[in-house]
Amino acid sequence: MASEISPRAEVSPKAKIGDNCKIYPFVYIEDDVVIGDNCIIHPFVSILNGARIGKGNHIHQGSVISALPQDFEFQGDKTEVVIGKNNVIRENVVINRGTHAGGQTVIGNKNYLMEGVHILHDTKIGNQCAFGFGTKIAGDCEIGNGVVFTAAVLQLPNTRVGDCALVTSGSIFNKDIPPYVIVGNNPVSFNGVNAPMCKAIGIEEKVVKHIANAYRLVFRGKVSLFDATLQIKEQVPDGPEIQKIIDFLSTSKKGVI
């Protein structure tokens, strides 16, 4: 089915628009843009050069996709924002493209970005995450799958968040947040295991207890992160979730909150 493009939208003839899209009045789309099938683009959205948007995305009023990076190192190189399928991008969201030639800001599938979320250059986000209103994610960050930021969270540059982590409102962090945890307050601290999310994705109760034991060694013990990781290997029954925790802790460059 042909796409419905308002005559009052400014859409470059060079842009590639998929089938069955609805583009409302006052949308602005530049030349080097690709939009997949079944997308809905509301009024006053700007989709700029370098945007690669998959199928089934719903982008609300005032959002800017593939904005120039807010990075002093940017020299005008050709970079991209790559957005997967079936994401909901609410009002006034800004997503910056990569900084250096070939760089990409990447958002996976089925994510929900609430009003006023800002995702800066070269950040990589997985699938099925939710970011509450006013959340700001700095450049060169990595966020896994099933992550939730409740509202007004500030993630500082070059930090990582592991799968199924929950970060509560108003938190600011400049170190890594490992998988399956709940964190919050300022300074950010460990508030337990995200047991509801673990259950939702099918992790057995006994494994959730193993995860809790692993983090007890990390956050309640009085040893270095390196030694805590060794203790997890020695004391906690192995499994995919525990191995994911070990891998995350072992590869942290910024340190863990």
Side-chain angles (χ1 to χ4, degrees), residues 50-54 65-67 69-71 73-74 79-85 87 89 93-114 117-132 135-150 152-168 171-184 187-188 190 193-194 197-198 201 211 214-215 218-219 225 229 240-257:
R52 305 289 182 263
I53 299 173
I65 310 301
S66 199
Q70 298 183 28
D71 186 342
E73 295 185 6
F74 180 62
T79 59
E80 296 179 340
V81 163
V82 178
I83 296 175
K85 301 176 182 178
N87 297 282
I89 299 173
V93 169
V94 177
I95 304 174
N96 295 107
R97 59 187 175 96
T99 294
H100 301 291
Q104 294 181 328
T105 302
V106 178
I107 297 173
N109 306 317
K110 297 184 178 180
N111 296 290
Y112 198 107
L113 283 61
M114 296 186 187
V117 169
H118 190 168
I119 299 172
L120 276 81
H121 62 90
D122 301 290
T123 283
K124 309 292 190 291
I125 295 173
N127 305 317
Q128 295 182 299
C129 299
F131 301 104
T135 287
K136 312 297 178 184
I137 301 169
D140 296 294
C141 292
E142 296 180 18
I143 297 173
N145 301 313
V147 171
V148 176
F149 289 4
T150 55
V153 173
L154 177 58
Q155 179 174 356
L156 297 180
N158 300 292
T159 52
R160 301 182 301 157
V161 180
D163 290 354
C164 300
L166 169 63
V167 185
T168 61
S171 299
I172 302 171
F173 62 97
N174 62 359
K175 294 185 178 181
D176 293 346
I177 294 174
Y180 313 120
V181 299
I182 300 172
V183 303
V188 171
F190 172 70
V193 173
N194 192 2
M197 180 61 78
C198 291
I201 64 172
I211 293 170
Y215 284 128
V218 174
F219 293 109
L225 181 62
T229 304
E241 294 81 11
I242 299 304
Q243 192 58 54
K244 182 176 287 187
I245 292 169
I246 291 170
D247 291 345
F248 189 97
L249 299 177
S250 301
T251 55
S252 177
K253 296 178 181 179
K254 297 281 286 188
V256 172
I257 56 106

Min side-chain heavy-atom separation [X]-[Y] under 4.5 Å:
| X | Y | result |
| --- | --- | --- |
| Ile201 | Asp163 | no |
| Gln70 | His118 | yes |
| Lys244 | Tyr180 | yes |
| Leu225 | Val218 | yes |
| Phe149 | Val117 | no |

Side chain to side chain contact (heavy atoms under 4.5 Å, CB included) for Thr135 and Gln155? Distances and angles first, verdict last. CA-CA 8 Å; Thr135 287; Gln155 179 174 356; over 6 Å; no

Euclidean distance, [Y] [atom2] relative to [X] [atom1], rounded to 0.5 Å:
| X | Y | atom1 | atom2 | result |
| --- | --- | --- | --- | --- |
| Ile107 | Ile89 | CD1 | CD1 | 5.5 Å |
| Ile172 | Leu156 | CD1 | CG | 7.0 Å |
| Glu241 | Ile211 | CD | CD1 | 5.5 Å |
| Thr123 | Ile95 | OG1 | CD1 | 10.5 Å |
| Lys254 | Thr159 | NZ | OG1 | 7.0 Å |
| Ser250 | Ile245 | OG | CD1 | 11.5 Å |

Closest contact, heavy atoms only, [X] versus [Y]:
| X | Y | value |
| --- | --- | --- |
| His100 | Thr79 | O-CG2, 2.9 Å |
| Asn111 | Asn87 | N-OD1, 2.8 Å |
| Ile65 | Ala51 | CG2-CB, 4.3 Å |
| Thr105 | Arg97 | OG1-C, 3.5 Å |
| Ile242 | Ala214 | CD1-CB, 4.4 Å |
| Asn127 | Asn145 | N-OD1, 2.8 Å |

Which residues pass the ring-ring contact (aromatic ring centres under 6.0 Å, His included) test with Phe219, sequence neighbours left out? Phe190, Tyr215

Ile125/Phe131 under side chain to side chain contact (heavy atoms under 4.5 Å, CB included): CA gap, chis, key distance, verdict: CA-CA 11 Å; Ile125 295 173; Phe131 301 104; 3.9 Å; yes

Taking distance alone, no hydrogens or angles, what donor-acceptor pairs closer than 3.5 Å link side-chain atoms of residues 136-144 to residues at least two apart or in another chain?
unit_1 : atom_1 : unit_2 : atom_2 : d
Lys136 : NZ     : Gly116 : O      : 2.7

Could you check Val148 against Asn194 for side chain to side chain contact (heavy atoms under 4.5 Å, CB included), going step by step and ending with a plain yes or no? CA-CA 10 Å; Val148 176; Asn194 192 2; over 6 Å; no

Check for a donor-acceptor pair, side chain of Lys253 on one end and backbone N or O of Thr251 on the other, with a separation under 3.5 Å. no

Okay, side chain of Asp122, backbone of Gly103: is any donor-acceptor separation there less than 3.5 Å? no

In this structure, which one of Leu154, Val188, Val183 forms a side chain to side chain contact (heavy atoms under 4.5 Å, CB included) with Phe173? Val188

For Lys110, look at atom NZ and say whether over 12 heavy atoms of other residues, nucleotides or ligands are found less than 6.0 Å away. no

Presence of salt bridge, Asp176 and Arg160, under 4.0 angstrom: yes

